[in-house]
Amino acid sequence: MVDSNSRQKIVVLGTGGTIAGRSALVNDNISYDAAQIDIESLTHDIQGLKSHLDGYKLDFEQVAQVDSKDMNFAIWEALARRVVQRLAEPDVRGIVVTHGTDTIEETAYFLRSVVCADKPVVLTCAMRPASALSPDGPQNLLDAFSVVMDANACGVVVVCAGVVHAAEHVQKIHPYRLDAFSSGDAGPLAWIEEGRVRWSLTQMPMYLTSRDALTLPDSGSWPQVEIVLNHVGATGKVVDSLLNAGIDGLVVACTGNGTVSDALMVSLQRAMSQGVKVVRSSRCVLGRVIPVAGALIPDSRGLSPVKARVALMLSLMD
Ligand code: ASP
């Protein structure tokens, strides 16, 4: 049993994103280059950081340096391994991962699925580049440190704009504003106010996991799972092309409560008859597909299409 006071180190793993971005003009918050500034430099100018950390030391590692629209399985594999290895160090209190906002919810859900984190793993990000007149990254980093230092924190969470979201529920819902994330119907896990974490009474942080990051196969051989969308006039041609190209699984971002057009259904049934695993999720931003008895295609148990894809991919590794 580790004395929690002996956990004097916070590991900060950098992967890039807008939080590490730079633009030519201080008032340009859209045409910037993400992933330009190394992880250690990101904390250099944060005023009050030392007193905020209350004796905790930061230990930096640059795991990747990418715009998260280009996040990939090789980085996920490396990141998950580092998270597991660093969490196992007795003097590590927890981990902060900096990440782009575009796919942070997928990385958070992946880590939550492969890392049994009894200590906090806090992903954070920014909507404005570090060079902005008023960047949001420094405050998000301070908030992430507050969560790591909080006595009740554990598991994989996402922190942005003063809100703590569970990896299962968080979704980017806005392409521009600073408070770009929502946990939908579930609501946030907590809020960070003046460095203090106020936990929601209805949700608790968790660290359940389905796979062990250290026993995953090589990322080059992970199953291929794609997402297809039901929409007006959906024909199923995309599914047929994917079948021709070779595919292991499909997530359908269905309309409403898991509905698909008749034509798309024909192609999906063809895919299933060829051994492709298919899962239904909903393209609705809130809520989940409510199970219907006798449904031909299983539902994603409340996971959004992108997270259902991660879950299906991991299940196909068995
Ligand atoms: N495209 C950026 C990224 O995801 C956006 C951001 O970080 O806000 O890395």
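Numbering starts at 1 and runs along the sequence shown.
The side-chain heavy atoms of Lys9 and Arg86, taken from C-beta on, include a pair separated by under 4.5 Å. Using a 4.5 Å heavy-atom threshold, the side chains of Leu216 and Glu77 count as separate. Two residues are said to be in side-chain contact when any heavy atoms from C-beta on lie closer than 4.5 Å; His99 and Val158 fail this criterion. Side-chain contact check for Tyr32 versus Arg22: every heavy-atom pair is 4.5 Å or farther apart. Side-chain atoms of Thr255 and His231, non-hydrogen and from C-beta on, never get closer than 4.5 Å to each other. Within the 4.5 Å cutoff, the side chain of Ser23 has heavy atoms near those of the Ser131 side chain. When side chains are defined from C-beta on, Phe60 does not count as touching Leu42, because their heavy atoms never get closer than 4.5 Å. At a threshold of 4.5 Å between non-hydrogen side-chain atoms, the residues Arg81 and Leu79 do not count as touching.
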List the steps and the verdict of salt bridge (charged side-chain N to carboxylate O under 4.0 Å, His left out) for Glu168 and Arg112.
-> CA-CA 8 Å; Glu168 289 88 334; Arg112 173 243 175 262; 2.8 Å; yes
Begin from the C-alpha positions of Leu286 and Asp185 and carry the test side chain to side chain contact (heavy atoms under 4.5 Å, CB included) through to its verdict.
-> CA-CA 6 Å; Leu286 297 179; Asp185 287 353; 4.0 Å; yes
For Val197 and Asn152, what are the C-alpha separation, side-chain angles and deciding distance, and is it a side chain to side chain contact (heavy atoms under 4.5 Å, CB included)?
-> CA-CA 9 Å; Val197 182; Asn152 293 308; over 6 Å; no
Check the pair Val159 / Val96 against side chain to side chain contact (heavy atoms under 4.5 Å, CB included), numbers first and verdict last.
-> CA-CA 10 Å; Val159 163; Val96 169; over 6 Å; no
Check the pair Phe181, Val163 against side chain to side chain contact (heavy atoms under 4.5 Å, CB included), reporting the backbone distance first and the verdict last.
-> CA-CA 9 Å; Phe181 291 89; Val163 184; over 6 Å; no
Step by step, work out the salt bridge (charged side-chain N to carboxylate O under 4.0 Å, His left out) result for Asp299 and Arg288.
-> CA-CA 9 Å; Asp299 67 82; Arg288 55 162 295 169; 3.2 Å; yes
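Using modelled atom types, one finds a donor on one side chain and an acceptor on the other under 3.5 Å when comparing Ser146 with His52. Using a 3.5 Å distance cut-off with no hydrogens or angles, the side chains of Ser68 and Asp102 do not pair a donor with an acceptor. A donor atom on one side chain and an acceptor atom on the other are not found under 3.5 Å apart for Asp218 and Ser221.
Residues Val279 and Val239 do not share a hydrophobic cluster, clusters being chains of Ile/Leu/Val/Met/Phe/Trp/Tyr side chains in contact below 4.5 Å. By the rule that hydrophobic residues join a cluster once side-chain heavy atoms approach within less than 4.5 Å of another member, Val306 and Val289 end up as members of separate clusters. Linking ILVMFWY side-chain heavy atoms closer than 4.5 Å, directly or via other members, places Tyr109 and Ile95 in a single hydrophobic cluster. One hydrophobic cluster, built from ILVMFWY side chains closer than 4.5 Å, cannot hold both Val26 and Met127; they sit in different ones. In this structure, Val310 is not a member of the same hydrophobic cluster as Val276, with clusters built from ILVMFWY side-chain heavy atoms closer than 4.5 Å.
Using a distance-only test at 3.5 Å, with no hydrogens or angles considered, no donor-acceptor pair links the side chain of Asn140 to the main chain of Thr124. Side chain of Glu105 to backbone of Lys172: a donor-acceptor contact under 3.5 angstrom is found. The closest donor-acceptor contact from the side chain of Asp38 to the backbone of Ser41 lies under 3.5 Å. A donor-acceptor pair is defined here as one N or O able to donate and one able to accept, closer than 3.5 Å; such a pair exists between the side chain of Arg128 and the backbone of Ser134. Panel note: side chain Thr15, backbone Gln65; no donor-acceptor pair is recorded below 3.5 Å. Checking side-chain atoms of Lys307 against main-chain N and O of Gln171 turns up no donor-acceptor pair under 3.5 Å. Panel note: side chain Asp59, backbone Val11; no donor-acceptor pair is recorded below 3.5 Å.
Residues Leu314 and Ser113 approach most closely at CD1-CB, 3.3 Å, considering heavy atoms. Of all heavy-atom pairs between Lys119 and Arg93, the closest is CB-O, 3.6 Å. Of all the heavy atoms in Pro120 and Leu87, the pair that sits closest is O-CD2, 4.3 Å. For the pair Ala213 and Val115, the tightest heavy-atom approach, listed with the atom from each and the gap, is CB-CG2, 4.5 Å. Contact between Gln224 and Gly246 at its shortest, heavy atoms only, is OE1-O, 3.8 Å. For the pair Pro135 and Pro129, the tightest heavy-atom approach, listed with the atom from each and the gap, is CB-O, 3.5 Å.
With sequence neighbours left out, the ring-ring contact (aromatic ring centres under 6.0 Å, His included) criterion links Phe110 to Trp76, Trp222. Here Glu193 pairs with Arg198 under the salt bridge (Lys or Arg N to Asp or Glu O under 4.0 Å) rule; sequence neighbours left out.
Residue Lys69 holds its NZ atom at 12.5 Å from OG1 of Thr101, rounded to the nearest 0.5 Å. Of the inter-residue distances, the one linking Asp91 atom CG with Ile10 atom CD1 reads 11.5 Å to the nearest 0.5 angstrom. The CG atom of Leu123 sits 5.0 Å away from atom CD1 of Ile104, with the distance rounded to the nearest 0.5 Å. Note that CZ of Arg177 and CG of Asp136 are 13.0 Å apart. Values are rounded to the nearest 0.5 Å. Put simply, CG on Leu242 and CD1 on Ile227 are 11.5 Å apart, with the number rounded to the nearest 0.5 Å. In this structure, CD1 in Ile297 is found 12.0 Å from OG in Ser281, a value given to the nearest 0.5 Å.
Counting heavy atoms of neighbouring residues, nucleotides and ligands inside a 6.0 Å radius, atom CG of Asn244 exceeds 12 of them. Atom CD of Gln274 is surrounded by more than 12 heavy atoms from other residues, nucleotides or ligands within 6.0 Å.
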